[in-house]
Amino acid sequence: MATRYNPKEVEPKWRAAWDEAGVFRAKPPSEAGEKPKAYVLEMFPYPSGRLHMGHVRNYAMGDVVARHRLASGYNVLHPMGWDAFGMPAENAAIEKGAHPGVWTRDNIEAMKEQFAPLGLSFDWSRELATCEPSYYAHQQRIFLKMLENDLVYRKTSKVNWDPVDNTVLANEQVIDGKGWRSGAAVEQRELEQWFFKITSYADDLLQGLETLENWPEKVRTMQSNWIGKSRGAKIRWPVSGDAPDGVDQIDVFTTRPDTLFGASFLALAPDHPITKRLSETRAEVADFIAECAKIGTSEEAIETAPKLGIDLGFTVRHPFDPDWEIPVWSANFVLSTYGSGAVFGSPAGDQRDLDFARKYDLPVTPVVLPPGADAADHKIEDEAYTGPGEIYNSRFLDGLSTDDAIDAAIAKLEDLDLGEGATTYRLRDWGVSRQRYWGCPIPVVRCETCGVVPVPDEQLPVELPNDPDFSQPGNPLDRHPTWKHVTCPQCGRDALRETDTLDTFVDSSWYFARFCNTDSDAPVDREEAAYWLPVDQYIGGVEHAVLHLLYARFFTRALQTCGLIDLPSAEPFAGLFTQGMVTHETYKSADDKWLPPEEVDQTKSGAWIEIANGRPVTVGGVEKMSKSKKNVVDPTLIISDFGADVARWFVLSDSPPERDVQWTQSGVEGAWRFVQRLWSVADAAPDADDGLADTGDALELRRAIHRAIEGVGQGIESFRFNTAVAQIHELTNTLKKAETNSSAGMNTARREGIAVLAQLTAPFAPHIAEECWARIGCKGLVVQADWPTADPSLLTLDTVTLPIQVNGKKRGEIDAPVDANADQIEELALAEMKVAAFLSDKSVRKVIVVPGRIVNIVAS
RNA sequence: GCGGGCGUGGUGGAAUUGGUAGACACGCCAGACUUAAAAUCUGUUGGGCGUAAGCCCGUGCCGGUUCAAGUCCGGCCGCCCGCACCA
C-alpha cells in the first residue's frame, strides 16, 4: 500500500540517528588512520538572529561537498561558528537597550535552533563564537605576537570617519565615499591608529594568487587589482628657485620614465607635506587646499570635477638637464595616498596631464610616435597618446621603443643618482582600530613613562567590561568609569588601557585555523593545523572577494612569520567557491508600498492582486531577497511546510551554484513533487531480488544506474549541482518506468537502483535518502555507506547510435557496434535508407567517421 | 576609462570542450482518475510549412576558419559585476 512521505515525522528521526551515531565528528589526526582529510568550510554567519535563504543555499552547498567527501572515505572537518562581534549588536543596545552580549548570545541560540532542522553535517563540538573571551584571548595573543614581530604599528593618519556610526572605517569599507553600513558621507580626520603591515606581504600575496588554481578567476583578478602592483621608477627632482626651506628634492613615482623629456610640470597632492607647508604662509595655497577638500569623494564628483591647480612658485631641475627648470604645481587630481603623492606631468602621454596642461597653458611636447605615424605631422590636440611607439624629441632616448626607453631612462637615473627602478603598490596597510565597544579589546596599556606596553600574557584576556553605557554617542569603553584605569605592567604607575577595539574583519581572519582544535591552549594548535589546513573547500559570497579573503591570506602569512603555525604553504584556502544569491520577484501595492510574497496572489487570468483587499499589484524586478523590498521568504516557514529536504533541493536545483537562483512558489512545489516521487519509487521497491540482472532490460537499467553514479559524482566534485540534480531526476524517472517491467532480473536491478538513488540523493536531501535506504532494507545509515562506484563495463555500450550527416546536416542515424571500425561504419552509413535516398542524385566526395560520435558525408 | 563575465525555447538552464542544440526542471496544453476541484499519473510542447513521410529556419548581430561552430577567430551590439584621477 503506497504511503505518502511525511517529512515532519521522518526528518527529526534521522537527525536524531545521526547525532546518536556521532557521524559528523571530525577525527583528530591520531585517530584518522589511513583516511585522507577534507576540510570543508562555509563562511561563518553573523548571528543576526534570523536564518535567511542565502544561508540555506550557502550551507546546503557546503553540506553536499562535506557529505560526499564523508561517503567517499575522507576524514571530514565541517565546523560551524559565529562571527559574533560587530555593530548590529551595538545598534540593538542603542535602540532597544539590550546588552550587546546578551543580544548576540540570544541570537546565536535562536539561529542554532533554526539551523538544526536543515540537517547539516556540522561538527558542533567545535562551535566557536568570536565574541567569547575563550576566542578573543587568543586573538589578543596573536596581536601581541604580531607587535613583537613588527607587523603592527601605530601612526597618526588621516582616517575615514563615519559621522553616523561614530567610527573609523577601513578603505574597503568606504563605498563611493559613503560608509558601507550607514551610507553617510565619510569625512577625513586625523587620528592615531593601529595598523597591520599587510603591505610587507604585498608581493607574496600577489604571487600566491597564481597558485590558487581552484579559486574563481574573478576573485583572483579582483585581489590582484586591489594589490595593484606597478613597475616604474622613483625619480628625485632637485629643487631650484624659491623652494621652501629644507626642501631640496621632490620624490616622484612614474611608470613612464620614457616620457621624461615630455615633462612640463610637477604636481603635488593638495595634502602633500610641501603643499601644506606653503599653505601656512600663503593664503592662496590654503584656499586651494580648502577648495579641493570641498569636492566630495563620490564617483560622480570625481568624474565631473574639473582639473584644478595652483602654481607653488618654485621649480625643479630636470634630472637629465640641470639647466631645464620645471614649475611645481599642486593639483587636485594627485592622490596623496599613492606613490609619493607627487607626479611629473608629461601631457602628451597622459590624459589627465594633458587636460591640466591645456587648462593652465603649460607646454605639450609629444615624445612617443605611434607606429606608422610621421614625426613631422604627429600632433597632440585634446587626446593624449598613451600607447607604445618610438621615442622622439628626447635626446639620448630618440629612436628607442617605449619599453627600451624605460630601461634606458632608469639606467641613466641610477647613473646620475637621481632615481632608480621602483615598484609601487596600491595596497595600503590595514587600519584596525575601531572606536567601538563590541569588539576585541586591543591588549595594550599606555603609560606616560613607558609608552605603549603590551598586556602580559598572564593577564589575558583583556575582557570587555560587562556594563557598557550606550546612552551617549561615541565609545563606551573610553567613557567607562573604571575599565581603562590600570597600572602600568612595566613601572606600576597609573596608566590607561587602549580603548579601541579591533576591526571585526580581524576576528574572521583566523577562525578557520582555530577550528582545527578549539580546545588548544595556543591560538592555533600547530600539529592539528598542519594536518587540517589548508581548507580544501571554502564556500561563501563573492562580496568577500577582496576584504575577508585577502585579510585571511595575510593572517596565515603573519601567523607563519610569528611562528604560530608551520605550514608548507601560507595559503589558507586551497579551493574557493563563490555562490550566487537567492532572489525573488518584488511586489508593489496600488499605493506604491512593497508587499511580501505571502500577501499577494495570482488570479486565474494571471493578474496579480493583494490578497487582503483584491487590489492590483505591480510585479517588479527579480532582486536579492532583502528586508527593505520585503521580497523575503522565511526558510523556517518553508521547512515547517515542506521539510528541509525540499528547501535544500530547491536551492541546489536548476541554477548553477555560482549564479543567482530565483525563489518561486512553483519551484518549491516542484521540489516537493520530486521528494514525493522519490519516495513512491522507493516505496514500490520489490522485496527480494530475482536473479542476475545482466541481460535485456535489467542490464539497460543497470547501465542507467551506473551512468548516474558517474554523472552525479562528477557534478558534485565540479560544483555543477544543478546537473547532478538533473541526473538524479533522470534516474528516478527511469526507475519509475521500470516498475511496470517484469523482465528477468528487474527486481534485482531495481533494488540496486533504489539503493544507489538513495546514496546519490543523500548529499542533497539527506533525510529522505535515509528513509529510502531503510525502506529497501539496507544496513546502517546511508550517511555512513561508502559512495557507490560506477562499474566501467556498464558505462560502455555494445552498440551506439550514430547520427549521419550529409554536408553537415543530419539525414539519418545508424546503430553500429561500439568496436566497429571506420570502414564498417562508413558502409553502414552509406547503406542507411534515408541517407541513400538523399544521396541518390549526388556523388560522395569524402566520408568523415568520428568513431562513437558522428558520421559526416561530403557530397555534391 | 580599466579589468572580468555573460547573451541558447514562454521561463531557469543542459550540451561529454569542435561532433545529433534544447538534457533536467518550471510553465502551458491535452488526456486518465473525480460529481467537481485539488492532488496524482500519462502524453505533447523551439519556430514555420505540410493530411503525412518530410522539408526549411533557429544559440544577440555581421563576417571568417572547418567535413562539421552555441563552442574557435575578427568586428559590432546589449546586459551584469568589480575597480576607478593609482601617475
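Convention: sequence-line order gives letters A, B, ...; per-chain numbering from 1.
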Contact class for Glu730(A) vs. all strands (heavy atom < 4.0 Å): base, sugar-phosphate, or nothing?
->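 Answer is sugar-phosphate: Glu730(A) comes under 4.0 Å of backbone atoms only.
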Nearest whole angstrom, please: distance from the [atom2] of [N] to the [atom1] of [X].
{"X": "Asn733(A)", "N": "G43(B)", "atom1": "CG", "atom2": "P", "value": "9 Å"}
{"X": "Arg220(A)", "N": "G5(B)", "atom1": "CZ", "atom2": "P", "value": "11 Å"}
{"X": "Asp353(A)", "N": "C85(B)", "atom1": "CG", "atom2": "C1'", "value": "10 Å"}
{"X": "Leu678(A)", "N": "C41(B)", "atom1": "CG", "atom2": "P", "value": "13 Å"}

Interface polar pairs with nucleotides 14-17 of chain B, N/O, under 3.5 angstrom:
from, atom 1, to, atom 2, distance (Å)
A14(B), OP1, Asn722(A), ND2, 3.2
U16(B), O2, Arg853(A), NH1, 3.4
U16(B), N3, Arg853(A), NH1, 3.3

Examine the base of C81(B) for any acceptor or donor lying under 3.5 Å from a partner atom in the side chain of Lys218(A), and report the outcome as yes or no.
-> no
Correct closest heavy-atom pair for Gln249(A) and Asp251(A) would be NE2-OD1, 3.5 Å
Parallel under 30°, tilted from 30 to 60°, perpendicular over 60°: which one fits the rings of Phe719(A) and Phe721(A)?
-> tilted
Would you write the dot-bracket representation of RNA chain B, where each base gets (, ), [, ], | or . depending on whether it forms a Watson-Crick or G-U pair under 3.5 Å and with which partner?
-> (((((((..(((......[....)))(.((((.......)))).)((((....))))..(((((..]....))))))))))))....
Nucleotide-resolved protein contact map, nucleotides 56-71 of chain B, B/S/- at heavy-atom distance under 4.0 Å | SS---------BS---
So which nucleotide from C83(B), G43(B), U20(B) ends up closest to the side chain of Lys737(A)?
->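 Nearest listed nucleotide: G43(B).
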Residue Asn332(A), side-chain heavy atoms: nucleotide from C85(B), U42(B), A39(B) that is nearest = C85(B)
Pair up each side-chain donor or acceptor in residues 341-357 of chain A with any protein partner under 3.5 Å, not counting sequence neighbours, and list the distances.
from, atom 1, to, atom 2, distance (Å)
Ser346(A), OG, Thr259(A), O, 2.9
Ser346(A), OG, Thr259(A), OG1, 3.4
Asp350(A), OD1, Arg352(A), N, 2.9
Asp350(A), OD1, Arg352(A), NE, 3.1
Asp350(A), OD1, Asp353(A), N, 3.1
Asp350(A), OD2, Arg352(A), NH2, 2.6
Gln351(A), OE1, Ala384(A), N, 2.9
Gln351(A), NE2, Asp355(A), OD1, 3.1
Gln351(A), NE2, Asp382(A), O, 3.0
Asp353(A), OD2, Ser346(A), N, 3.0

With a 4.0 Å heavy-atom cut-off, tell me which residues in residues 666-674 of chain A come close to RNA chain B, sorted by residue number.
-> Ser666(A), Gly670(A), Arg673(A)
State whether the number of non-hydrogen atoms from other residues, nucleotides or ligands found under 6.0 Å of Glu827(A) atom CD is greater than 12.
-> no
Should we count NZ of Lys624(A) as having more than 12 external heavy atoms under 6.0 Å?
-> no
With a 4.0 Å cutoff (strictly under), does any side-chain N or O of [X] reach OP1 or OP2 of [N]?
{"X": "Asn225(A)", "N": "C86(B)", "answer": "no"}
{"X": "Arg426(A)", "N": "A84(B)", "answer": "yes"}
{"X": "Ser230(A)", "N": "A87(B)", "answer": "yes"}

If we take the P atom in both G5(B) and C86(B), what is their distance in whole Å?
-> 23 Å
Using atom C1' of each nucleotide, how far apart are G47(B) and G58(B) to the nearest Å?
->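 Straight-line distance between the two C1' atoms is 7 Å.
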Atom pairs and distances, side-chain donor-acceptor, residues 663-671 of chain A, under 3.5 Å, sequence neighbours left out:
from, atom 1, to, atom 2, distance (Å)
Thr664(A), OG1, Gly667(A), N, 3.0
Gln665(A), NE2, Glu669(A), OE2, 3.4

